[in-house]
Amino acid sequence: MAGDFGLQTASGHLTVPQESKEPYPDDVEAQFRRDAAEVIARYPQKRSALLPLLHLVQSVDGYVTGRGIDLCAELLDLTTAEVSGVATFYTQYKRHPNGEYTVGVCTNTLCAVMGGDEIWDAVSEHLGVGHDETTEDGRITLERVECNAACDYAPVVMANWEFFDNQTPESTIELVDRLRAGEDVAPTRGAAKVCSFKHVSRVLAGFSDGRADEGVGAGPATLLGLEIAKQNGWTAPEGEGARGSGSAGSTPGSTEVTPDSDEAAADKVEPAADEDRDDTPGEKHEGDADAGAEDGGAPPVVSTGDGVRGTAADTVAPADVVDVAPPQEATPGPVGRAANVSAQSASVPVGHEAGPAAVAERDAEAGTDDDTAAIDAPDADGSDGKGE
């Protein structure tokens with residue numbers, strides 16, 4: 001399947017070429033299905049196999065093709081939209097033809113300070129491509145990487161995720177030139193040589209190539225802190241579970257269960273209720289938190305907004321005290337609206353109830369005329385309610 005390894009357009013990063021949707025040859029598809037079955041069998045839910053299957057697609061096609069998306073969706077009972085959503089989320093999945101070698105230059109904080117930006121500028125100019133673009137010969141895809149997870153060797157460059165530590169613009173240009181020339185290139189640490197993008201994609205899909213233990217994983221800079229700690233007799237702080245009297249044979253920093261640990265203390269807690277009682281489902285017992293007061297249980301606990309503390313007790317809420325404003329004259333409202341009268345706008349003595357019945361009773365005792373006691377409020381038709 002031919003591929004355009006020139007400069008990629010913005011839409012080219014988000015869509016796949018039409019030719020990538022052509023069906024797999026029968027023998028290729030059969031092998032893919034056999035490999036996919038092995039991957040899917042590792043997971044209790046087969047949809048969990050999507051990430052390695054996308055790497056498997058890249059090991060065959062060199063990027064996530066349309067036909068690869070269709071086949072993953074079929075095998076995992078997913079929609080093509082679900083598969084595409086994952087394929088466009090992670091930067092290790094390519095939606096356009098990728099080079100044989102992905103060279104990532106770290107330009108995050110520490111690497112940038114140590115010269116990562118200069119490396120990027122030099123290599124980008126040398127190859128004539130920008131971020132996530134591929135050289136015309138299809139050999140190198142250049143990426144600006146946020147972090148290569150090797151800050152102790154900054155500035156760091158990776159080729160198909162193999163480490164090249166303490167790089168300079170000159171050494172990185174030499175690296176890409178040798179890769180383009182087809183030479184075997186050994187990384188600073190790890191495998192004996194840098195393998196192709198398709199080869200590494202198959203490893204990421206979960207098929208070992210037997211090279212995991214080649215070379216050195218952690219170099220001197222990574223282990224320096226550990227060596228200094230050993231020379232000074234420094235150890236990690238003890239965990240909470242290891243504090244106390246300490247059991248025989250315990251070591252500094254141990255998190256094993258000891259007599260004073262939280263796990264051991266939890267076993268000593270006495271049960272809150274008698275275990276011998278008959279716990280018939282649905283039956284309430286005296287003292288149960290969910291039993292009502294009439295059943296001899298504790299009153300229900302009600303949250304006060306700042307956390308529950310202890311058992312709620314029956315309390316009587318104090319009567320609301322009406323804050324009575326000074327007497328106000330009832331002013332007729334606009335035509336067509338009834339006046340709003342409240343305890344604050346009526347003349348109610350302090351400490352007395354403000355209900356209509358209470359007001360009528362007080363007026364009768366004082367000999368107040370009903371007509372004068374009434375509050376002048378206009379009716380809906382605009383009249384004063386007293387007649388002509």
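Bear in mind the structure is a predicted one, so any value in this text is a computation, not a measurement.
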Output the distance between atom [atom1] ([X]) and atom [atom2] ([Y]), rounded to the nearest 0.5 Å.
X    : Y    : atom1 : atom2 : answer
I119 : S171 : CD1   : OG    : 6.0 Å
K230 : N232 : NZ    : CG    : 13.0 Å
R67  : D70  : CZ    : CG    : 11.0 Å
L51  : L56  : CG    : CG    : 12.5 Å
I140 : T134 : CD1   : OG1   : 9.5 Å
N108 : R144 : CG    : CZ    : 11.0 Å

Would you say the side-chain atoms of [X] pair up with the backbone N or O of [Y], donor to acceptor, closer than 3.5 Å?
X    : Y    : answer
E162 : G190 : no
T141 : N98  : no
R180 : D137 : no
E183 : R178 : no
Y24  : A30  : no
S20  : T65  : no

Query raised in the report: Could you go step by step and tell me if V185 and E174 meet the side chain to side chain contact (heavy atoms under 4.5 Å, CB included) rule?
Result: CA-CA 10 Å; V185 178; E174 180 184 357; over 6 Å; no

So, for [X] and [Y], which heavy atoms are closest and what is the spacing to 0.1 Å?
X    : Y    : value
R211 : A191 : NH2-CB, 3.5 Å
N148 : F163 : O-CE2, 3.3 Å
L53  : C72  : CB-SG, 3.9 Å
H55  : A205 : CB-N, 3.9 Å
A186 : F164 : O-CE2, 3.5 Å
S84  : I69  : OG-CD1, 3.6 Å

Taking the side chain as every heavy atom from C-beta outward, state whether [X] and [Y] have any atom pair closer than 4.5 Å.
X    : Y    : answer
E29  : V60  : no
K94  : D132 : yes
T172 : W120 : no
N160 : H199 : no
E133 : L142 : no
P187 : V194 : yes
Q92  : T102 : no
I173 : V123 : yes

Return yes when atom [atom1] of [X] has more than 12 non-hydrogen atoms of other residues, nucleotides or ligands closer than 6.0 Å, and no otherwise.
X    : atom1 : answer
D213 : CG    : no
D26  : CG    : no
Q45  : CD    : no

Report task. Give me the ring orientation class for F197 and W161: parallel if the planes are under 30° apart, tilted from 30 to 60°, perpendicular past 60°. Result -> tilted

Query raised in the report: Can we say R189 and D165 salt-bridge, meaning some charged N sits less than 4.0 Å from an Asp/Glu carboxylate O?
Result: yes

Requested in this report: Check step by step if side chain to side chain contact (heavy atoms under 4.5 Å, CB included) holds for H131 and E143.
Outcome: CA-CA 5 Å; H131 170 68; E143 288 186 339; 4.2 Å; yes

Is [Y] reachable from [X] through a run of I, L, V, M, F, W or Y residues, each pair having side-chain heavy atoms under 4.5 Å apart?
X    : Y    : result
Y43  : L75  : yes
L54  : V203 : no
V157 : M114 : no
Y90  : L78  : yes
V64  : V86  : yes

Report task. Evaluate the criterion side-chain hydrogen bond (donor to acceptor under 3.5 Å, both in side chains) for residue pair D35 and Q31; output intermediate values, then yes/no. Result -> CA-CA 6 Å; D35 291 339; Q31 182 61 49; 3.0 Å; yes

Query - Test log, rule side chain to side chain contact (heavy atoms under 4.5 Å, CB included), inputs V83 and L50 - result: CA-CA 8 Å; V83 177; L50 178 56; 4.0 Å; yes

Query raised in the report: Step by step, would you call D77 with K46 a salt bridge (Lys or Arg N to Asp or Glu O under 4.0 Å)?
Result: CA-CA 8 Å; D77 293 334; K46 61 182 180 180; 2.7 Å; yes

Query - Audit row: R95, Y63, side chain to side chain contact (heavy atoms under 4.5 Å, CB included) steps and yes/no - result: CA-CA 6 Å; R95 296 306 307 276; Y63 67 107; 5.8 Å; no

